[in-house]
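Throughout, protein chains are lettered first and strands after them, A, B, ... in sequence-line order, and every chain is numbered starting at 1.
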Protein chains: 2
Amino acid sequence: MAHTSARPPQKPTPDSSRRSEKSRRAIYAAALTLVTEVGYPKTTIEGIAARAGVGKQTIYRWWSSKADVLLEAFIDLSAQTAEATARPEVVGKQSPYEIPDTGDLEADLKLVLRAMVDELLDPAFEAPSRALAAEGVVNEQVGREFVGKLLEPQLQQYVKRLRAAQEQGAVRTDIDPRIALELFVSPLAQRWLQFTGPISYEYTDKLVEYALYGLAPRGPAAR
Amino acid sequence: MAHTSARPPQKPTPDSSRRSEKSRRAIYAAALTLVTEVGYPKTTIEGIAARAGVGKQTIYRWWSSKADVLLEAFIDLSAQTAEATARPEVVGKQSPYEIPDTGDLEADLKLVLRAMVDELLDPAFEAPSRALAAEGVVNEQVGREFVGKLLEPQLQQYVKRLRAAQEQGAVRTDIDPRIALELFVSPLAQRWLQFTGPISYEYTDKLVEYALYGLAPRGPAAR
DNA sequence: GGTCGGCGAGACGGAGCGTCTTGTCGGGCT
DNA sequence: AGCCCGACAAGACGCTCCGTCTCGCCGACC
């Protein structure tokens, strides 16, 4: 009776060693193109398959949904972009978008947030990341994967920079860096996600200033 | 040639004076129920019609998409809830969730943010507002309507309270209140929308403290 | 040179789309 | 009082896309 095989309705796990690299890349490219051209809701698995010159079954064999395809495609795109961006100065792995430490926290943060503004307005990134963010809002599993694989690694760079700032005396030591970073990152994210306001360098500069020095007057009379 | 009628393929505008109030309310209820029970993607116009005991055409006659139906249904729900919440002390229109002014800005903000935490975790509100937020991320028209009709009016309450605080000397006068409010509202919104972290009273309390007093040390040596 | 499994292609039944048709019903006008 | 008009419930229609399936085909490994 009991051999080594599983009992219940198990999927006939595909053999990944025989997987076609060419098809995979064509599917990534088709998914990213379509989501940019026709928008996420009108992007269909049939459409991706047709555009990639691939059978539908090839997509269903390796992915579970169009969100899953797009997530992997976007992760792949991000990895490529990061690789291209990273100067090949050090052989060791370049962490995603390392934040500079010139000793001037305010300037460093303003610089990085300005770079984020540029990225948010780059059409090649905007369509797929908007689509994934939208899916993640309503589908917790996709949301957590999106955050875990793409967003949180970037946020950890801020944690790192803020910890350094605490050692330099530029940030109070009783502050939780993981929360502190949200004071300037989340407002930008919300304006971009929900169209709650315009996005500009002046705006992100102000966010950094407000967050660092607080809304309350700093005179000795305060508090 | 030119009579009073329009020329090109115009929709035969329906007569709103003959509109069935009963059907409208049934459709709102069905939409809100379905989105809570089966989720936004599986909520269909056919399903709403069936659940409401209504013909599909009645929905297509008055709304353009399921997002449109849900948006109106949710606005209606919010209006009813606001009406029920507002104590009938004054006859005049109660603005949505007026923020108290006890003279202690920190305490007032913490209180209101705690109330927002409660609301975000209320299942009856969570499903529809998540669905609309998700749709709005990917559909700018829906996004702007969602923000204009639901989000921004609430944010303006913070603007009002912060302006009062500026007059009281509790907030620096060179600060833009519309941006300042985002320091504590947006982080909470992002954690809720994207599952980037847990939501609690302790968390929102910290947001208020960080925003008011800043991340940088407040000693005379700073800056 | 034979076997195995992923591959492109596309047929299949089922859902839901948005439109259109039919007959019913109720309010407003004459 | 009787009539007319348009919104209404119901559901048929052709369409697209879903997810599964069945074909041959072809390349890798034995």
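- The pair B/E98-B/R161 does not count as a salt bridge, with every side-chain nitrogen at least 4.0 angstrom from each carboxylate oxygen.
- In summary, B/E140 and A/R130 do not engage in a salt bridge, as defined by a charged side-chain N under 4.0 Å from a carboxylate O.
- B/Y210 and A/E182 form no side-chain donor-acceptor contact under 3.5 Å, judged by distance and modelled atom types alone.
- With A/W62 as the aromatic partner, A/R25 does not meet the cation-pi criteria of under 6.0 angstrom to the ring centre and within 45 degrees of the ring axis.
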**OP:** Can you check each nucleotide of nucleotides 7-12 of chain C against protein heavy atoms at under 4.0 Å and return B for base, S for sugar-phosphate only, - for none, in 5' to 3' order?
**Re:** BBB-B-
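- What separates CD1 of A/I48 from C1' of D/dG19 is a distance of 14 Å, to the nearest Å.
- Nucleotide D/dA9 holds its P atom 16 Å from the CZ atom of B/R51, rounded to whole Å.
- The stretch residues 27-35 of chain A has no heavy atom under 4.0 Å from DNA chain C, so no residue of it qualifies as close.
- Between the CD1 atom of B/I59 and the C1' atom of C/dG16 there is a distance of 13 Å, rounded to whole Å.
- Between A/F125 and A/F74, the gap from one ring centroid to the other is short of 6.0 Å.
- Salt bridge status for B/R114 with B/E119: absent, with no side-chain N to carboxylate O gap under 4.0 Å.
- One finds a salt bridge joining A/E21 and A/R24 here, because a Lys/Arg side-chain nitrogen approaches an Asp/Glu carboxylate oxygen to under 4.0 Å.
- A/W63 has its CH2 atom 14 Å from the P atom of C/dG6, to the nearest Å.
- A salt bridge does not link B/E46 to B/R51: none of the charged nitrogens lies less than 4.0 Å from a carboxylate oxygen.
- Checked against D/dG6, C/dG6, C/dT19, the side chain of B/D15 finds its nearest nucleotide in D/dG6.
- For the pair B/Y40 OH and C/dG16 P, the interatomic distance rounds to 15 Å; values are reported in whole Å.
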